[in-house]
Amino acid sequence: MQFTSEQRLDDKVLEREFTLGEIPGTLWTSGSAPAPLILMAHNNGLPKAEPRLVARARYTAACGYAVATIDAAGCGDRPRSAADEQARADLRRALQAGEPADEIFESLVGPLVERAVPEWRTTLDALLSLPEIGGPVGYSGWTALGIRLVAVDPRIAAAGFFAGGYVPRTQREEARQVTIPLLFLLQWDDEGNPRQRALDLFDAFGSKEKTLHANMGGHTGTPWFEREDGDRFFGRHLK
């Protein structure tokens, strides 16, 4: 892991960009003591520099965590395959025409998850070797990626999933393998995420401790206080 830049932000959070082979990432930390780590991913391959993710990361770091995100293969500014580009073009056309898009989402999101999980695990290996990170590890964000990552990596002790992104059928089946404490956020009027599908997914998780937070509003309307509730959730399980 090579750090390529760093800056101290107004909230006293240290933001550092890094590369790990071909993987670009960002790490936010505050304070000097070894901190629990939270991996933070945006839905369906959006870039790590997406403003909503950065705002969540900075807030979480200021609460005493180390927070890391990456652009995995096919995500953010990483090169996309011809199949990725075709799926994205097909998806845009289907959404504009108001046509069903589940099969297109399957062809796009499924391969993204398959390629992303190994790179997230490689990144986790490198992060846990840093002296400023003491574990344990949490995960926050993109549900499809999180389900697979939690299913295959026992180092993740608690997870917060956002119900706003498409979850492929494979990950819906794998949801039964998620047994760690879970906080699941649902926007009740999310125009791109059928409510019943999200509720069925919540029911499928195998966790004995799982909490559903549903708020009125559309896809980007998650209330600010959910960040505070998320901090309390991770505080119970990571500190």
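Just so it is clear, the values below take in all heavy atoms, side chains as well, and ignore hydrogens, waters and symmetry mates.
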Any residue meeting side chain to side chain donor-acceptor pair (under 3.5 Å) with W28, in chain and number order, not counting sequence neighbours:
E15

Once side chain to side chain contact (heavy atoms under 4.5 Å, CB included) is applied, do any residues pair with L20, and if so which ones, sequence neighbours excluded?
M1, I23, T122, T123, A126

4.5 Å side-chain heavy-atom contact, T60 and R227:
no

Do L149 and M40 share a hydrophobic cluster, counting only Ile, Leu, Val, Met, Phe, Trp and Tyr and linking them when any side-chain heavy atoms are less than 4.5 Å apart?
no

Which residue pairs pass the ring pair (Phe, Tyr, Trp, His ring centres under 6.0 Å) test when at least one of the two sits in residues 110-132, sequence neighbours left out?
none

Sequence neighbours left out, what passes salt bridge (charged side-chain N to carboxylate O under 4.0 Å, His left out) with R121? Give chain and number order.
D153

How would you list, by chain and number, every residue that makes a side chain to side chain donor-acceptor pair (under 3.5 Å) with Q2, sequence neighbours excluded?
none

Test side-chain contact (heavy atoms from CB on, under 4.5 Å) on D125 and R155; report intermediate values, then the result.
CA-CA 10 Å; D125 291 341; R155 293 175 292 184; 2.7 Å; yes

Determine whether D84 and R115 satisfy the following criterion, salt bridge (Lys or Arg N to Asp or Glu O under 4.0 Å), listing intermediate values before the conclusion.
CA-CA 12 Å; D84 287 341; R115 296 196 300 269; 2.6 Å; yes

Between E226 and P223, is there a side-chain heavy-atom distance shorter than 4.5 Å?
yes

Under the side chain to side chain donor-acceptor pair (under 3.5 Å) rule, collect the residues that match up with Q177, sequence neighbours excluded.
none

Minimum side-chain heavy-atom gap R8-S30 below 4.5 Å
no

What closest approach, in Å, do Q187 and H219 show between heavy atoms, and which atom pair accounts for it?
CG-O, 4.0 Å

Taking all atoms of both residues into account, what is the closest heavy-atom pair of A175 and I147, and its distance?
N-CG2, 3.8 Å

Results of ring-ring contact (aromatic ring centres under 6.0 Å, His included) for H237 - residues two or more places apart only
F233

Hydrophobic cluster identity match, V178 and W142, side-chain contacts under 4.5 Å
yes

So do the side chains of F234 and L183 get within less than 4.5 Å of each other, counting heavy atoms only?
no

Closer than 4.0 angstrom, basic N to acidic O: yes or no for K48 and E17?
yes

When every non-hydrogen atom of A41 is compared with those of T69, the smallest separation belongs to CA-OG1, 4.4 Å

Starting from L128, can I reach I180 by hopping between I/L/V/M/F/W/Y residues whose side chains sit under 4.5 Å apart?
yes

Please list, chain by chain and in numerical order, all residues satisfying side chain to side chain donor-acceptor pair (under 3.5 Å) with E174, sequence neighbours excluded.
R148, Q171

To the closest 0.5 Å, what do you measure between CG (D189) and CE (M216)?
4.5 Å

What is the distance from atom CG of N215 to atom CG of D190, rounded to the nearest 0.5 Å?
12.0 Å

Member of L124, L182, L39 meeting the side-chain contact (heavy atoms from CB on, under 4.5 Å) criterion with Y139:
L39

With side-chain contact (heavy atoms from CB on, under 4.5 Å) as the criterion, how do L186 and N193 come out once you've worked through the C-alpha distance, each side chain's angles and the decisive distance to 0.1 Å?
CA-CA 9 Å; L186 169 63; N193 182 40; 4.0 Å; yes

Value rounded to 0.5 Å, distance of CG in L14 from CG in L9:
7.5 Å

Residues, nucleotides or ligands: over 12 heavy atoms within 6.0 Å of E22 CD:
no

Closest non-hydrogen contact found for P118 with E114 is CD-O, 3.2 Å

In one Ile/Leu/Val/Met/Phe/Trp/Tyr side-chain cluster, 4.5 Å: I38, V117
no

When you group the ILVMFWY residues by side-chain heavy-atom contacts below 4.5 Å and let the links chain together, are V137 and F161 in the same group?
yes

Let me check something: any side-chain donor-acceptor pairs from residues 195-205 under 3.5 Å, sequence neighbours excluded? List them with distances.
| unit_1 | atom_1 | unit_2 | atom_2 | d |
| --- | --- | --- | --- | --- |
| R195 | NE | W188 | O | 3.0 |
| R195 | NH2 | W188 | O | 3.0 |
| Q196 | NE2 | D200 | OD1 | 2.9 |
| R197 | NH2 | D102 | OD2 | 2.6 |

Measuring from atom CG of D231 to atom CZ of R236, what distance do you get when rounded to the nearest 0.5 angstrom?
10.0 Å

Side chains of E119 and D71, heavy atoms from C-beta outward: is any pair under 4.5 Å?
no

Could you list all the ring pair (Phe, Tyr, Trp, His ring centres under 6.0 Å) pairs where at least one residue sits in residues 71-94, not counting sequence neighbours?
none

Determine the minimum heavy-atom distance between A68 and L127, stating which atoms define it.
CB-CD1, 3.5 Å

Closest contact, heavy atoms only, A163 versus T143:
N-OG1, 4.1 Å

Can you find a pair of side-chain heavy atoms, one from I133 and one from L27, that are under 4.5 Å apart?
yes

Measuring from atom CZ of R78 to atom CG of L112, what distance do you get when rounded to the nearest 0.5 angstrom?
11.0 Å

I want to check something: taking the side chain as every heavy atom from C-beta on, are L130 and F3 in contact at a cut-off of under 4.5 Å?
yes

Say you draw a straight line from CG of L108 to CD of Q86; how long is it, rounded to the nearest 0.5 Å?
11.5 Å

How would you list, by chain and number, every residue that makes a side chain to side chain contact (heavy atoms under 4.5 Å, CB included) with E106, sequence neighbours excluded?
E103, Y166, P168, R169, R172

Could you name each residue pair satisfying ring pair (Phe, Tyr, Trp, His ring centres under 6.0 Å) that touches residues 56-98, not counting sequence neighbours?
Y59-W224

